[in-house]
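The structure appears below as structure tokens.
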Amino acid sequence: MADKIELLQRVGSMQQLMYVRPVTFEEGRARGMKAYEVKNGPLKFSVMADKCLDLTDVSFCGHNMSFLAKPGLMGRNHYDTNGAEAQRSIMGGMLFTCGLENICAPCKIDGKDFPMHGRIRTTPAEHVGADACWVGDDYIVSISGTMREAELFGENLTLRRRITTCYGENRICIEDEITNEGFRREPMMLLYHINVGYPLLCEDSEIVIPTKRVTPRDEAAASNAEYWNRMEAPKDNEPEYVFLHDMAADQEGNTFALVMNKNLGIGLKVEYSVKELPYFMQWKSIASGDYVIGLEPANSSVYGKPYHIKENSLHQIEPFATEKKRLVLTFLSGAELDEARRRAEEFLK
């Protein structure tokens, strides 16, 4: 890549190569939703200011990488957090954040309802800002904001998020700080739902996960356990499969999961720390019209809140404590795919 001076010799504005632009959608269920469009060379993505600063569509080298569910692009809806009705507002996207009081299935605890995948995924950001500037010799786009999950006489949790991408690196870095601003211990469940779709995902795709043990969630998943690491052709009305992985990691706790397509020559690597997110689930659906792989690092199990309460293992955060999480999405091409597979094999050794 050319250095700073060489780049500035060759462009009138750096927006020729990289930018962040505020947008507002004007039709359908997305009408009125505010977002940011980002371009970083061959990498393009959108960040929803009105929905937890989550990622919607992502493309790399002209190929779509993300999954969009049948309801399509949408903003907030009256049924967002209404039990199982939440499935009508789960649009997928590259990432939606689940939590903070609940992840996975809806439940009722002591007479209180906890909606499917929680409320944070539809919470609009406050104090939102975006920037594109030189930091030394690096040209960096950043987007930041704060989401608050709070209730009168209840919890007061904030999620402070910063998303960055640097020109020439084909990476999106997501850094979160979750703080309990209340005066009592609170449950804090968190799952990053990262969703891969066609054409990156197809029968030519391979799922590379340095897993020490694969556990099917239920009988449906058990019937497909032999094929957890590859996709089949779409099949009408096929049930979803969910697998729990015991992840290998390096000495610092770093690990990753990868979806790659050698025919297209591209892939997506999701890096995180098992010290911050000790659980990892894989969601696989080959159902026609719902064709997707979900990579899901989390601090809690897919079995959800009732399971952790029963096992006395519910993750909680102390008053005024802060927890930090970091994810890096790296978009790979060419020889980088083989290198990532080799790295996974090293983890397992």
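Position 1 is the first residue of the sequence, and the numbers go up from there.
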Practice task
Sequence neighbours left out, what passes ring-ring contact (aromatic ring centres under 6.0 Å, His included) with Tyr36? Give chain and number order.
Solution key: none
Problem - Contact list for residues 52-68, test salt bridge (charged side-chain N to carboxylate O under 4.0 Å, His left out), sequence neighbours left out - result: Asp54-Arg161
Practice task
Not counting sequence neighbours, which residues clear ring-ring contact (aromatic ring centres under 6.0 Å, His included) with Tyr241? List them please.
Solution key: none
Exercise for the section: Applying side chain to side chain contact (heavy atoms under 4.5 Å, CB included), name anything that partners Arg213, two or more places apart in sequence or on another chain. Expected result: Thr215, Asp246
Exercise for the section: Could you list the residues that satisfy ring-ring contact (aromatic ring centres under 6.0 Å, His included) with Phe25, not counting sequence neighbours? Expected result: none
Completion exercise
With sequence neighbours left out, the residues meeting side chain to side chain contact (heavy atoms under 4.5 Å, CB included) with Thr255 are Pro210, Met247, Ala249, Tyr272, Val274, Phe347
Practice task
Could you tell me which residues satisfy ring-ring contact (aromatic ring centres under 6.0 Å, His included) with Phe96, sequence neighbours excluded, listed by chain and number?
Solution key: His117, His193
Handout entry: Residue pair Asn156 / Arg148, side-chain donor-acceptor N/O under 3.5 Å
Key = yes
Practice task
Mind jotting down which residue pairs meet the salt bridge (charged side-chain N to carboxylate O under 4.0 Å, His left out) criterion with at least one end in residues 290-303? Sequence neighbours excluded, please.
Solution key: Lys70-Asp290
Completion exercise
Sorted by chain and residue number, the side-chain hydrogen bond (donor to acceptor under 3.5 Å, both in side chains) partners of Arg184 (sequence neighbours excluded) come out as Glu186
Exercise for the section: Could you list the residues that satisfy side-chain hydrogen bond (donor to acceptor under 3.5 Å, both in side chains) with Glu151, not counting sequence neighbours? Expected result: Lys112
Problem - Qualifying salt bridge (charged side-chain N to carboxylate O under 4.0 Å, His left out) pairs with a residue from residues 231-241, counting only residues at least two apart or across chains - result: Arg217-Glu240, Glu232-Lys284, Lys235-Glu238
Practice task
Just grab all the salt bridge (charged side-chain N to carboxylate O under 4.0 Å, His left out) pairs involving residues 187-211, residues at least two apart or on different chains.
Solution key: Glu206-Arg341
Handout entry: Check: His315/Glu323 side-chain N/O donor and acceptor closer than 3.5 Å
Key = yes
Practice task
Report yes or no: is the cationic atom of Arg21 (NZ for Lys, CZ for Arg) under 6.0 Å from the centre of the six-membered ring of Tyr19, at an angle within 45° of the ring normal?
Solution key: yes
